[in-house]
Amino acid sequence: MNMLKTVDASKIDVDENMLKRHELAFGKEIFELYNGIPVDLMVYKDAVAYKTLFPGEREENLLKEDKEQKTKVSYRYLIFIKFFLYLRDEFLLNDNAGLDYYLSSRVRHGTIANQLRFNFQDLKLTTRKGISGNYDMNLYWVDEIFHLEGEEHVKCMEAFLLFTQHVDEIINDLNKNKIQVKTEKHNTELLACFDFSNDKISDAILETYIDNDGLSYELILDEVFKKLWEITETCFPVVVSAVYETETRLKHELDFLYRNVKACVSANTEGWHLFETTFSRCLTHLHEDIKLVSQWFKRKQQQNENFQMQQLLDASVEAINKVRSNHLTFELQISSNSFFKGKYLIVLFDLFHNIFNNVVDYFDKKNETPTCEVVVNEEGKMLNIQVSNLIRAKDIPDAEKKISNYKGYHNGQNKQSRSRLEGKSGLYKIDTIVYHQLMGEGNVFTPLVRDNQFVVSISIYKLNMVSDVQDIID
């Protein structure tokens, strides 16, 4: 099994089963109200309730077409709209299972930015922000390779700094403006590619109502989710188009950099020839990265091949290091021989990916090589995971504050949506995985600071995760 290919093909998801089991109580109430309303009960179009739910409704969408009824709409249909939009919001925005959670965790939170930026960083065409918050000077090209002085030195340095800034702005625009979910009440100001605004999906709502009116709650729930997936799949080409537009914009910036550098550096020098070669390599790698990212936007397929913890850890670290110049190393103590069911591969990969991202992000800010200790063992019914890394004494108060903020959220004191806390420590996403996606008897997630180390300690009930193969072996 090529685990990383499986991961790349599994970024887009909605956990319908979790939604149906735990998250849709209010939806059932709306359905029961809708189901008890006669088909011929009408409400006037100028009623407040109608205008709230049907802004800009086109006449051809009305169910009754004679003159008397053109000012009215079925009240049963009105409540169905409310039912559909409630399910849409859960499908998109549920903190534990919605589309935006998976876009946040698997695409936006570091993943796409690292994938697209790594090429430029690896070739030393861009620099990172230092402790001051300003971009570092590109000493590699301007000083070590070109050996520039005077006005040419200043102009060339400015060209690299401007290029770095624009690369980050373009990638950030894709990440925070376009790979987003939008409704008439959420992210209305963004050019979100996943646009589920009421006016965009009104035809789909009407079609679902006409085709399924009168079905049971369970059946109509399935049909609404089916329709929402159909809408999602129409968004995929929109996202892919935005990804390739990003390639065009980045190539434009590369061309601009090329012209600016050429104006400062003498032709037919060893340094210029190296830059030309690097420029060509960068274009090739950029196209490869764009092609890879464009393939992320498809619906997740079920993974059935069993796996072991060692395989998962190796793939998780490989994925991190593939798009990081500052490679993560770790000391591993593993005592786990179980085979785990394939359907748990992606969620456990997400778990380690979030943990390791935290480690690498911390060391990146210090310009130090990231390293950690990983302990994995099985004890009775539990799978135990502990990841720890050294932190500086002066960073301990900040780490403890992050833990305190997380605990406040976990205990319900902070109601901010966890799936959109993308600039935070990742503890919220780990919480979602442990307590909501891997629901099991006695699951525990404990972040703490101990002996100058940041420690993530996790225990997960494993019996429902262990494959039939292992049951036979046991």
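Hydrogens, waters and symmetry mates play no part in the numbers below; they use all other heavy atoms, side chains included.
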Mind listing the closest non-hydrogen atom pair of [X] and [Y] along with its distance?
| X | Y | value |
| --- | --- | --- |
| R106 | S10 | NH1-O, 2.7 Å |
| K394 | P397 | O-CD, 3.6 Å |
| T446 | L448 | O-CD2, 3.7 Å |
| T234 | V238 | O-CG2, 3.8 Å |
| H327 | N321 | NE2-O, 3.1 Å |
| R76 | I37 | NH1-O, 2.8 Å |

(request) Run the numbers on F307 and M3 for side chain to side chain contact (heavy atoms under 4.5 Å, CB included), then give the verdict. (result) CA-CA 9 Å; F307 64 95; M3 203 170 278; 4.0 Å; yes
Looking at [atom1] of [X] and [atom2] of [Y], how far apart are the two atoms once the value is rounded to the nearest 0.5 Å?
| X | Y | atom1 | atom2 | value |
| --- | --- | --- | --- | --- |
| R108 | Y102 | CZ | OH | 14.0 Å |
| Q437 | S105 | CD | OG | 7.5 Å |
| I179 | T246 | CD1 | OG1 | 7.5 Å |
| I220 | T208 | CD1 | OG1 | 8.5 Å |
| E331 | T371 | CD | OG1 | 6.0 Å |
| L116 | N175 | CG | CG | 9.0 Å |

Indicate whether any N or O donor in one side chain lies under 3.5 Å from an N or O acceptor in the other, for [X] and [Y].
| X | Y | result |
| --- | --- | --- |
| Y34 | D213 | yes |
| R128 | N326 | no |
| S459 | N384 | yes |

Taking [X] first and then [Y], would you say they form a salt bridge - that is, a charged N and a carboxylate O separated by under 4.0 Å?
| X | Y | result |
| --- | --- | --- |
| K366 | D395 | yes |
| K129 | D364 | no |
| K227 | E230 | yes |
| K11 | D350 | no |
| R299 | D13 | no |
| E184 | R88 | yes |

(message) Show, in sequence, the C-alpha distance, side-chain angles and deciding distance for N306 and Y344, and conclude whether the side-chain hydrogen bond (donor to acceptor under 3.5 Å, both in side chains) test is met.
(response) CA-CA 9 Å; N306 300 327; Y344 292 99; over 6 Å; no
Considering residues, nucleotides and ligands other than [X], do more than 12 of their heavy atoms fall under 6.0 Å from its [atom1]?
| X | atom1 | result |
| --- | --- | --- |
| K300 | NZ | yes |
| K381 | NZ | no |
| K226 | NZ | no |
| E189 | CD | yes |

(message) Treating N187 as the side-chain partner and L190 as the backbone partner, does any N or O pair qualify as donor plus acceptor under 3.5 Å?
(response) no
(message) Can a donor-acceptor pair be found, under 3.5 Å and without considering hydrogens, that links the side chain of S404 to the backbone of E400?
(response) no
Are [Y] and [X] an aromatic pair, judged by ring center distance below 6.0 Å?
| X | Y | answer |
| --- | --- | --- |
| Y209 | F80 | yes |
| Y409 | Y428 | yes |
| Y86 | F83 | no |
| Y362 | F454 | no |

(request) Could you pull out all residues at least two apart from R392 that satisfy salt bridge (Lys or Arg N to Asp or Glu O under 4.0 Å)? (result) E368
(request) Could you walk me through whether Q310 and L332 pass the side chain to side chain contact (heavy atoms under 4.5 Å, CB included) test, one step at a time? (result) CA-CA 9 Å; Q310 182 72 62; L332 174 63; 3.5 Å; yes
(message) Does N389 form a side chain to side chain contact (heavy atoms under 4.5 Å, CB included) with E373? I'd like the steps, not just the answer.
(response) CA-CA 6 Å; N389 62 273; E373 296 181 4; over 6 Å; no
(request) Flag this pair as yes if the NZ/CZ of K28 is under 6.0 angstrom from the six-membered ring centre of Y217 and inside a 45 degree cone about the axis; otherwise no. (result) yes
(message) Can you confirm whether D100 sits close enough to L92 that some side-chain heavy atom of one is under 4.5 Å from a side-chain heavy atom of the other?
(response) no
(request) Applying side chain to side chain contact (heavy atoms under 4.5 Å, CB included), run through N94 and Y101 and close with a yes or a no. (result) CA-CA 7 Å; N94 184 277; Y101 166 79; over 6 Å; no
(request) Take S197 and K185 through the test side-chain hydrogen bond (donor to acceptor under 3.5 Å, both in side chains) and record every step on the way to the result. (result) CA-CA 8 Å; S197 299; K185 296 180 180 179; over 6 Å; no
(message) Suppose we screen for side chain to side chain contact (heavy atoms under 4.5 Å, CB included). Which residues come up paired with T188, at least two apart in sequence or across chains?
(response) none
(request) Give the intermediate values and the outcome of side-chain hydrogen bond (donor to acceptor under 3.5 Å, both in side chains) for residues Q121 and S325. (result) CA-CA 8 Å; Q121 190 70 29; S325 54; 5.3 Å; no
(request) Determine, stepwise, if the pair F349 / F356 fulfils ring-ring contact (aromatic ring centres under 6.0 Å, His included). (result) CA-CA 10 Å; F349 180 93; F356 291 149; 9.5 Å; no
(request) Please lay out, stage by stage, how H285 and D289 fare under the test side-chain hydrogen bond (donor to acceptor under 3.5 Å, both in side chains). (result) CA-CA 6 Å; H285 293 167; D289 287 340; over 6 Å; no
Please tabulate, for the side chains in residues 166-174, all donor-acceptor contacts under 3.5 angstrom to protein atoms that are two or more places apart in sequence or on a different chain.
| unit_1 | atom_1 | unit_2 | atom_2 | d |
| --- | --- | --- | --- | --- |
| H166 | ND1 | E253 | OE1 | 3.0 |
| D168 | OD1 | R117 | NE | 2.6 |
| D168 | OD2 | R117 | NH2 | 3.3 |
| D168 | OD2 | Y135 | OH | 2.6 |
| E169 | OE2 | Q165 | NE2 | 3.0 |
| D173 | OD1 | N177 | ND2 | 3.0 |
| D173 | OD2 | K178 | NZ | 3.2 |
| D173 | OD2 | R249 | NH1 | 3.0 |

